Amino acid sequence: MYCILGKTGYIAKELIRYLESLNFNYLALSRDDLDYYHYNTIKNLVIDNKISVIFNCAGFIGKPSVDVAEIKKEENVQGNLILPIILNQLSMELNINFVHISTGCIYQGDNNGKGWSEQDLPNFTLNTKSSFYSGIKWEAEKVIHNNPKHYIFRLRMPFNSVADDRNLITKLNKYEFIWNDWNSFTEKHEFVKTMHTIIENKLEYGTYNICNPNPIYTKDIISLI
């Protein structure tokens with residue numbers, strides 16, 4: 001059975017819809033349902049429900065934009081570093097799979113036109129002039145790498161056809177000013193479907209960058225809209 005933490009989040013809700021379409025067994029919890037930071041409580045829940053995979057879809061994003069994470073640094077560290085460390089430790093203790101949702105925001109630029117692969121070290125971290133959010137996300141990944149049963153799935157600029165405050169297309173329609181940059185993007189349904197396929201087919205543990213091919217400039221998205 002899957003255990004999904006952060007059930008009210010943008011990705012978690014899509015994952016839940018997808019699993020329900022498959023009649024797949026899962027347990028989804030929000031912070032109102034469970035104290036994510038109480039180790040023994042989570043441990044007992046995992047054991048009692050015979051959980052085989054923990055999905056960390058929780059974390060601190062910042063609203064209305066990720067820029068808030070640069071101000072609320074304590075919440076950023078708590079949600080994007082401390083929580084993954086707790087869940088990762090639990091995964092290793094109970095010998096179950098740990099799935100962590102991460103971000104492509106740990107990369108900057110186009111890597112001299114080559115794009116970025118999973119083997120490329122991030123260049124937008126706390127050791128560089130990165131955003132604090134990106135730096136903390138990479139610090140969490142470094143800890144999780146020590147877990148032999150981990151999957152890190154990175155997405156970038158998620159979107160789909162349904163209006164939502166977290167949907168890139170919705171954001172672009174609301175922003176007063178838009179920075180024209182060249183980026184990769186991730187279609188939300190394809191993201192969760194790919195995650196599930198990788199896990200259920202027991203593909204190699206490790207990190208996967210999941211985004212659509214052919215990056216595009218923001219101005220070109222605006223033109224399509």
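Note that the structure is predicted; figures quoted are calculated from it, not measured.
Residues Ser134 and Ser131 bring a donor and an acceptor atom of their side chains to less than 3.5 Å of each other. Counted by atom type alone, Asn76 and Asn80 present one or more donor-acceptor pairs between their side chains at under 3.5 Å. Defined by atom type and a distance below 3.5 Å, a donor-acceptor pair is present between the side-chain atoms of Tyr26 and Glu20. A donor atom on one side chain and an acceptor atom on the other are not found under 3.5 Å apart for His189 and Asn160. There is no side-chain donor-acceptor pair under 3.5 Å between Ser91 and Asn88.
Summarising the local packing, NZ of Lys202 is surrounded by 12 or fewer heavy atoms from other residues, nucleotides or ligands at distances under 6.0 Å. Atom NZ of Lys149 sits in a crowded spot, with more than 12 heavy atoms from other residues, nucleotides or ligands closer than 6.0 Å.
The shortest side-chain heavy-atom distance between Asn56 and Val99 does not fall under the 4.5 Å cut-off. Trp116 places a side-chain heavy atom less than 4.5 Å from the side chain of Asn123. The side-chain heavy atoms of Thr170 and Val162, taken from C-beta on, include no pair separated by under 4.5 Å. When side chains are defined from C-beta on, Phe124 does not count as touching Tyr107, because their heavy atoms never get closer than 4.5 Å.
Ser117 pairs by the side-chain contact (heavy atoms from CB on, under 4.5 Å) definition with Gln119, Asp120, not counting sequence neighbours. Remark: Tyr205 engages Asn97 in a side-chain hydrogen bond (donor to acceptor under 3.5 Å, both in side chains) (not counting sequence neighbours). Considering only residues two or more places apart in sequence or on other chains, Arg31 meets the side-chain hydrogen bond (donor to acceptor under 3.5 Å, both in side chains) condition with none of them.
In this structure, the side chain of Asn201 engages the main chain of Thr197 through a donor-acceptor pair within 3.5 Å. Judged by distance alone, the side chain of Asn180 and the main-chain N or O of Lys219 form a donor-acceptor pair under 3.5 Å.
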